[in-house]
Structures are given as C-alpha cells and as structure tokens.
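In what follows, every chain begins at residue 1, and chains take the letters A, B, ... in the order their sequences are listed.
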Number of protein chains: 2
Amino acid sequence: MVQIPRTPTSADVARLAGVSRATVSYVLNKAGAVRISEATRRRVHEAAEELGYVPHAAARSLRAGHSRTVLMPAPAFPAGPLYGQFLSDLQGALGRLDYTVVQHGTAGPHGDTAARAWAELRPVAVLVPAPGLGPEGVRVLKRAGARAVVTLGPEAVEGAHALLMDHAAVGHHAARHLYERGRRRIGVVVPEEPGLALFSAPRLDGARRALAGTDATVTALPLAYEEPAAARLAARWSGLGLDAVFAYNDEYAMLLSRALQDEGVRIPEDTAVIGADDLMLGRLLRPRLSTVHIELPAGRELAALVDRAVRDPAAPPERHRVLGARVVHRESS
Amino acid sequence: MVQIPRTPTSADVARLAGVSRATVSYVLNKAGAVRISEATRRRVHEAAEELGYVPHAAARSLRAGHSRTVLMPAPAFPAGPLYGQFLSDLQGALGRLDYTVVQHGTAGPHGDTAARAWAELRPVAVLVPAPGLGPEGVRVLKRAGARAVVTLGPEAVEGAHALLMDHAAVGHHAARHLYERGRRRIGVVVPEEPGLALFSAPRLDGARRALAGTDATVTALPLAYEEPAAARLAARWSGLGLDAVFAYNDEYAMLLSRALQDEGVRIPEDTAVIGADDLMLGRLLRPRLSTVHIELPAGRELAALVDRAVRDPAAPPERHRVLGARVVHRESS
DNA sequence: TTGAAAGCGCTACCAA
DNA sequence: TTGGTAGCGCTTTCAA
C-alpha cells in the first residue's frame, strides 16, 4: 500500500528551504512591502514545488478575517435553459473577479433555518434565488459577516439588494398582445409542477391585471408537463370557448399546440397561442410560435453589483428591475 | 447608520452564559462523552440564541483536520436538461448525506493548474466532469487531503474512481438501429459548438465502429445550432445521397428535421432520423422522433459511491459504466 | 461537572 | 533581509 504523505504545510516548506514560515508567506504571496533576496526566493519556490505545497484556503481566510466566498443556494425550482445560462454566466463572471462560488444545495427547510447553515460558511456575499430568505435571514447573514446579500426574485427583502424579476410583466405582455390581436377569451396555462408556481402565479396575475376593465376574460388552465394531460385539456377545448392561450412558456406552448392540432384546433385561426422564453424550439414549430422574449441581466453586470456591494457594504440596498420582456410576434398569434 | 456588531464567537457566548468556551462547545455539539447540567445547558443555549451565534465552519474544519466539502468544478460544456437534472439530483443527495457541495467555477486553464486551485479548499472529495483532470491533478488533490476523486466522463484517470460515460455507445445504438432498418448511407450530425466535441466525437466514433465491416457508410455532418445552418445543410441534402441521419441529440434532430421537411425531404421515407436524450420534445414532433434513451445514474447512487470512497480511501478505484443507452423506436426511423 | 490550554495553518506585526 | 510570535475560532485532551 502506498502511504499517502501528510499534506505539506508552509512550515514544511520553510523547513525544507531553511527559512522561517514568515519568509515562506512573504515569498509565496509576493508581498510588496518586504524585500526578499533572489536566492531565498528561489529556494522557497523550489521547496514548495518539491513538496507540492498548496495553501490552505480556510486557514488563510480564518486569519484574514474574511473570505472571497460567494454563496448561491441552489434554486428550489427546476432551472430552464434560460436561467441555467444566466447562472453559469454569473458564476463565470464572479470567478473572473476572483470570488469562489459555493453552490449550497439548499439543505433543509428553506427559510431562515437555511440562512443559518449558509452563515456557517461566512460568505462575503450571498445570492439567493426567489423566496428562500426573509428579513431575519438577511440579518443572520449580515451578522455572520456577509457584506452583501442579493435576492433574485419577484420581491425585495428588507436589508438586501434586490434584482427584481417581475414575471407579471411576462403575463402582461402576452395578454396585451393577444388582446390587441382581437382575442377576448384568453386562457393562461398554469403548470402543475409545484416549483413553478413562483413564476406561473405572477404571470397569470400579470395577464389578469393587463386585461382588467376590458371586455376580455382570463381563464387559468392547470396543466402537467405530460402528453396525456395536454390531450385531456385539448379534448375539452371547444367547451372552454377560448380563442387564445398564453401557454406559460415555449415548452408548454409546444406541448399544448401539439395536443390542440391533434384535436383539429387550428392555430392561430381558432386559437392563438403565445409562449415565453423565445427558445429556438419555437422558431421550429409550424406555425412559428409567438413568444415573450425574456431578457435576463448579463452575468457580469450582476457580478459587478456584487463586487460593488462587497466593497461598500454601507451603501443602501439597490433595487433593479432586471427582467426585460417583449413580445416576438410570429405566426401562432 | 446602524453599526453592525462584530460577528459573535463561541467566546462571546461563553462570556454571556458565564461559562468557559469548552462548555459552550460541549453543549452546542451535544457531546455524549461529557455530561453538562441541565441548567448550564439552558444558559448556553439562551446565550447563543440571544447573540445569534453561528459556528464558523472554516475554523471548525481547520481544527478537525478535515471538511465535509465535496468539490464539483462546473462542467466546461453547456449542460443540457438531462445532465442538469443529474447534477441537481446529485447535489441534493450529497446534501442529504451532510456534505457541502462547492461548485467551483472552473477558474483558469482547466488541467492540473485548476486542480491546485481546488486543492486550496481541502475538499474531502472531488467530482470532476469530463477531461479537466490528469493523473498529476489527482495526485495534487490527494496530497491535499481529498479522500476520493471521481471523474465523470469517457475515460478513467489513474488513481481516481471513474464513472464512465461512454458516449460511443449512443452512436453505436443509433447506427445499428438505422442499419437494421435497412439504411446504408448514414449521416451523423456533429455540433459545431466547441464544448460539445467531448460528446459528439465519441458518438460519431461509436457509429463508425458499429458499421465497420458492413456495406454502410458514415458521413460526418458539422452543424451549428441555428436555423440558417440547418437550412444550408438541408439545401445540399439530395447531393449528399444519405438515407438516414443520427442527429446527435433530440434538439439537433428537431432543428434538422424541420429544415429537411421545409426542403421537401420526407421523414422517414426519404431519410430516417434518430436523435438522442429522449426528451419530451421528440414525442411531440410529427413524425414522432426515434431517439436513443440515455440513462444516467441516480444522484443517490453516485452520492453513495462518494460516501463509501470517503469512508475507505484506501480501497482501489472503482470503475463503473454508468451510461445506459437504448433505442426508443418511434416514427421517424 | 467545568475550566485551562494547546494547536489546526496561516499572515502580519515588530525586532533583530 | 529575515525570524519570532501572536492570534483568527474552534474542539479536545488533561486537570481540577
């Protein structure tokens, strides 16, 4: 059996190089303040190389009194391609600013209990998707040294920066569009997947509010992301008497469109359909799918916000509406 | 300005409760070995509560000499829905086993340089997708105390456990299927997205090998995930003289099918099409898309493997072929 | 039943 | 130019 040697420490490097631990630290961190002779410097580097020395991040940040850890709890909802791309962008951008992103798998009951678990990691900043955090949680995190807490979701939380993603706007745009195209009896698909309620509720609500006070009606249509469910909905379509549907997003739109077409419903003549997210998918459907294009902020912008907040934790919380929505009209509506 | 108080430490709790730090530690960690009077216990809990004390994970693991951190570098390729689901499952499962998942945003040049950065975090285990790590990297990580290194990808790395995801099998199954359906001039789509070469190359290769020695030919078809590119490919389709195509995955299959149909190519009469991934999407196409269903391991199985390896680091590296592939025949082939 | 103290690995201050 | 050393927050012997 090969005995794996103990992890080398800076003391080991110092011993091998014949210098003190302080000197090792100076050399390896290229401290500008102190000048080290070229010879010593080389000896230290060689020793570190030979031992395969790697500094211990936890020890370092314990000593420093702060870390470069940005904590991002995993979202409670299934991340679609759009949001996934956004997260991965963001992660890259933060990495480039020299932060270490820790994606904590939302341990237990999300709420202020989770905040405690996050606080144990003493992150310098925390990025929380959607609900997941109350004012008390923000306080816990700040007391644990978090210099910035940013929420991503529909509403702001006291004490935290907020990137407001207003999904009501998506429903609003979709509904207005259908209305302007002359539709009056409008269905709105509400996915039955529990995690999506976070988005579907505001989208439905946005549609409702967009048409309040008009002669149009809005009907909620619960739908699971499965063919049989779509078929059942399509089977009772004529009874519903709808002339348009906002299908939550492009994927649901495809699911429902297919079921409707199989049922002989003509799109858009009998029923107009509009999705959301502007996926490639929609462009490939026939008729081409109208959609609400959603613009998420670039990862680097958000990373910059985090960085700013970390540098100046005393600054008042920023609120940004970051969800841009606009209708892309194609053939299905 | 509200002055945020310094982060409370266990010493603060001890002071407030009028006991020693040792006692605080005993109480808060429910140490079984020592018995603390109920009264003291309560005082400590109250003090901790009042101060909002949260232990410092880094200090704790520094003292303990090990962490419960599992490091997962972000994959270098865009994660599709399948792989994304797998990762998120895995993350959940590890969390349930009380590990903290750190998703490190593959800092710089992936390779053994990255391994150094990862080693700084002293993870107890490392899960590396695809290439990203050589034998030297494994050594660095192990020397830094990683008790388990697991690679997820096409090939094993010396010294590390391997979950072998053999994408050649996907190509193999697709090609065999097309061959058995009587097709002989078979195209294989190769996405132009650079990150996907990791998968597309073995899939193409698997198709080639499946048909080696037969009278069938295999033609690589580079394709970008954009409509115009697909249209261009479709325009020269008849010139290619192909009677079947394995379209890399369901999304590319949809893109290409649409372009072919717009060009008047009949599916499957003129050209058979098969995708991969078995997405809902494919079931909604007309004709329904044949596909290679890919089975990834359940997150909990992989989590269990990691846990086993952590508990017994001396055990020899395990190799598991974890990518199950089987053809789902529908209408497009 | 509780407390004192050592030490995990690191950096930064102060001396030499 | 280099070394000694204190101390970040925590747990865990050993003593009392």
Side-chain angles (χ1 to χ4, degrees), chain A residues 5-45 47-48 51-69 119-124 143-145, chain B residues 6-44 47-48 51-69 119-124 143-145:
Chain A
R6 202 178 43 75
T7 309
T9 72
S10 77
D12 296 323
V13 176
R15 202 158 21 242
L16 182 58
V19 299
S20 76
R21 290 156 62 223
T23 306
V24 171
S25 180
Y26 289 142
V27 172
L28 263 34
N29 297 313
K30 319 194 204 313
V34 271
R35 310 201 60 71
I36 305 281
S37 72
E38 197 46 51
T40 314
R41 185 182 301 278
R42 225 195 32 250
R43 281 220 312 289
V44 169
H45 275 127
L51 294 175
Y53 169 72
V54 175
H56 191 306
R60 175 180 286 172
S61 67
L62 180 59
R63 165 69 225 229
H66 59 256
S67 71
R68 297 282 293 174
T69 298
E120 293 195 2
L121 301 176
R122 297 291 191 273
V124 68
R143 201 168 12 203
Chain B
R6 202 177 44 76
T7 308
T9 72
S10 76
D12 296 324
V13 176
R15 201 158 22 242
L16 181 59
V19 299
S20 77
R21 290 158 58 223
T23 306
V24 171
S25 181
Y26 288 142
V27 172
L28 264 33
N29 296 314
K30 319 193 204 309
V34 270
R35 309 203 61 73
I36 305 280
S37 70
E38 198 47 53
T40 314
R41 186 183 301 277
R42 226 195 30 250
R43 283 220 311 288
V44 169
L51 294 176
Y53 169 72
V54 175
H56 191 305
R60 175 179 286 174
S61 67
L62 179 59
R63 164 69 222 220
H66 59 257
S67 71
R68 297 283 293 174
T69 298
E120 294 195 4
L121 302 176
R122 297 292 191 271
V124 67
R143 203 171 11 211

Atom pairs, N/O to N/O, protein against nucleotides 11-14 of chain C, distance under 3.5 Å?
from   : atom 1 : to      : atom 2 : distance (Å)
C:dT11 : OP1    : A:Asn29 : ND2    : 3.2
C:dT11 : OP1    : A:Arg60 : NE     : 2.8
C:dT11 : OP1    : A:Arg60 : NH2    : 3.1
C:dT11 : OP2    : A:Ser25 : OG     : 3.2
C:dT11 : O2     : A:Arg63 : NH1    : 2.1
C:dA12 : O4'    : A:Arg63 : NH2    : 3.3
C:dC13 : N4     : A:Tyr26 : OH     : 2.3

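Scored by the side chain to side chain contact (heavy atoms under 4.5 Å, CB included) test, A:Ser61 finds A:Ser67 as partners (sequence neighbours excluded). With sequence neighbours left out, the salt bridge (charged side-chain N to carboxylate O under 4.0 Å, His left out) criterion links B:Arg15 to B:Asp12. A:His45 meets the side chain to side chain contact (heavy atoms under 4.5 Å, CB included) test with A:Val27, A:Leu28, A:Arg41; sequence neighbours excluded.
With contacts defined as side-chain heavy-atom distances shorter than 4.5 Å, the pair B:Arg122/A:Thr7 qualifies.
Sorted by first then second residue, the salt bridge (Lys or Arg N to Asp or Glu O under 4.0 Å) pairs that include residues 51-68 of chain A, not counting sequence neighbours, number zero.
Listed pair A:Ser37 / D:dT2 meets the phosphate criterion, a side-chain N or O lying under 4.0 Å from OP1 or OP2. In this structure, B:Ser20 reaches the C:dG3 phosphate: one of its side-chain N or O atoms is under 4.0 Å from OP1 or OP2.
Among the atoms of the strands shown, none is found under 4.0 Å from any heavy atom of B:Ser61.
Axis orientation changes by 50° from one end of the helix from C:dT1-D:dA16 to C:dA16-D:dT1 to the other, with each end axis drawn from 5 pairs and the value rounded to 10°.
Between A:Arg21 and A:Ala14, the shortest heavy-atom distance links the atoms N-CB, 3.7 Å.
Partner of B:Ile36 under the side chain to side chain contact (heavy atoms under 4.5 Å, CB included) criterion, out of B:Val44, B:Thr23, B:Val24: B:Thr23 alone.
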